[in-house]
Amino acid sequence: MQKLIPHYLLILAVAIFYSGVYDNAFLYDDKYLIVDNTYLRDWNHIGDMFRSYATSGAFRAGHFYRPLQNLLYLVIYQAFGPSEIAFHAVNIILHAANACMMFALGKKMKFGESASFFAALIWAVHPIHTEAVAYMSSTADMMFTGFSLGALLVLLPDFTPKKFLIATPLFALALLSKETAIVLPLLVMACMFGLRQPKVIYFRTWPLWVTALLYFTWRQYVAPFHTGDLSNIDPVSKEYVSHISIRISTFLATIPAYLQLLIWPEGLHMDRDFPAY
């Protein structure tokens, strides 16, 4: 029980800090991903979720492929209907679980238990996460983070080839939750560097790199999903949706703004106005 106290405290901190979100109504993408998502009305649509984009169930144009997010939404919707409380609670539960995994990650990285706990606590209650945790449509953020942390915890501290057989499917699940998970191979190598692993150990990450390459190739060139009607989208957004090079250059241009938010988190909200490069 004493070993579980840090986990209880992290869960309690998350529950307290996000206790005011349950009255928040559906807004922005919540309408497309939850309220108007016809895929959530019937279990028979599970196959459709893996053959289309995230907003296809609402007959909306899109380019995000996140079937596991839709699958989780299906379970919640079938159990509780379009309940704001239920969808908010799931985000908070997932964030609390991720905070506990952050604590475990710190210990596996051979930091002291107190240092790992306070680092996980800062991570758990940092205002930067408000944009994800309090926004119902951002469940994919918590999901890919959880699968990625799970893969890291499996691999640490010795990164044996056998462990990569377990971590690679977790990486695939993270990718099916949100595209951002493609950074996991670099995070694994960063952990190897932090633990001063021999350089030859880095080559063991090849299953992750192959998975990332296959995913990228499949998403870009193989999966001909129906994206919906793009005729009503403004030209800049249409170009952004259609070209990975524009997404990458725009992402790089947003880094300074988000670094500033990490240091001084004010003006937190969704739908930031960044020009597409």
Side-chain angles (χ1 to χ4, degrees), residues 1-22 24 68-69 72 76 85-136 138-160 162-164 166-167 169-171 173-174 177-178 180-181 183-197 208 258-259 261-265 268:
M1 289 298 295
Q2 188 173 359
K3 291 182 179 179
L4 292 176
I5 289 177
H7 298 278
Y8 290 141
L9 292 175
L10 289 171
I11 294 170
L12 180 62
V14 171
I16 292 174
F17 271 71
Y18 288 98
S19 60
V21 306
Y22 293 102
N24 294 348
L68 289 191
Q69 179 188 27
L72 179 58
I76 302 168
I85 294 176
F87 282 94
H88 280 304
V90 166
N91 280 10
I92 292 172
I93 290 170
L94 291 175
H95 185 59
N98 290 342
C100 292
M101 284 194 281
M102 287 292 292
F103 172 57
L105 178 65
K107 292 196 296 181
K108 279 211 168 187
M109 288 291 292
K110 299 183 179 179
F111 292 105
E113 184 163 338
S114 297
S116 299
F117 171 75
F118 284 108
L121 180 62
I122 292 172
W123 185 89
V125 302
H126 195 293
I128 196 72
H129 293 303
T130 304
E131 296 185 49
V133 183
Y135 185 31
M136 282 180 277
S138 291
T139 308
D141 288 273
M142 273 69 69
M143 293 181 70
F144 98 82
T145 300
F147 286 123
S148 298
L149 287 171
L152 289 173
L153 291 175
V154 167
L155 292 170
L156 288 161
D158 48 3
F159 305 96
T160 63
K162 186 176 181 180
K163 288 184 176 180
F164 276 96
I166 303 173
L170 291 174
F171 179 34
L173 292 174
S177 300
K178 189 174 182 180
T180 316
V183 303
L184 180 64
L186 288 174
L187 292 177
V188 172
M189 295 179 73
C191 290
M192 290 177 171
F193 180 80
L195 292 173
R196 302 294 189 269
Q197 293 288 333
L208 301 178
Y258 280 102
L259 287 176
L261 287 175
L262 282 171
I263 299 169
W264 190 257
L268 298 175

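Quick caveat: nothing in here was measured; it's all calculated off a predicted structure. Quick note: numbers below take in every heavy atom, side chains included, and nothing from hydrogens, waters or symmetry partners.
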Find out whether [X] and [Y] are in side-chain contact, i.e. whether some heavy atom of one side chain is under 4.5 Å from a heavy atom of the other.
X	Y	value
I92	Y22	yes
L184	L170	no
F17	V133	no
D158	K163	yes

How long is the gap from [atom1] on [X] to [atom2] on [Y], to the nearest 0.5 Å?
X	Y	atom1	atom2	value
K108	M101	NZ	CE	12.5 Å
F147	T145	CZ	OG1	11.0 Å
Q197	F159	CD	CZ	5.5 Å
L155	C191	CG	SG	8.5 Å
N24	Y18	CG	OH	12.0 Å
L68	F144	CG	CZ	13.5 Å

Query raised in the report: How about I85: does its CD1 atom have over 12 heavy atoms from other parts shown lying under 6.0 Å from it?
Result: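 No, the 6.0 Å shell around CD1 holds no more than 12 heavy atoms from other groups.
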Query - Atom CZ of F118 with >12 non-hydrogen neighbours under 6.0 angstrom - result: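 Atom CZ in F118 is not packed in, count stays at 12 or less.
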Can you give me the closest heavy-atom contact between [X] and [Y], atom names plus distance?
X	Y	value
A86	I76	CB-CG2, 4.0 Å
H126	L262	NE2-O, 3.1 Å
E131	S138	O-OG, 3.7 Å
C100	H7	CB-ND1, 3.5 Å
A120	L10	C-CD2, 3.9 Å
G106	S116	C-OG, 3.1 Å

Query - ring pair (Phe, Tyr, Trp, His ring centres under 6.0 Å) partners for F87, two or more places apart - result: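 Residues passing ring pair (Phe, Tyr, Trp, His ring centres under 6.0 Å) with F87: Y73.
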Query raised in the report: Going by the side chain to side chain donor-acceptor pair (under 3.5 Å) test, which pairs reach into residues 88-107, not counting sequence neighbours?
Result: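 Side chain to side chain donor-acceptor pair (under 3.5 Å) check on residues 88-107 returns N91-T139.
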Query raised in the report: Would you say the side-chain atoms of H129 pair up with the backbone N or O of A124, donor to acceptor, closer than 3.5 Å?
Result: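 Checking the backbone N and O of A124 against the side chain of H129, no donor-acceptor pair under 3.5 Å is found.
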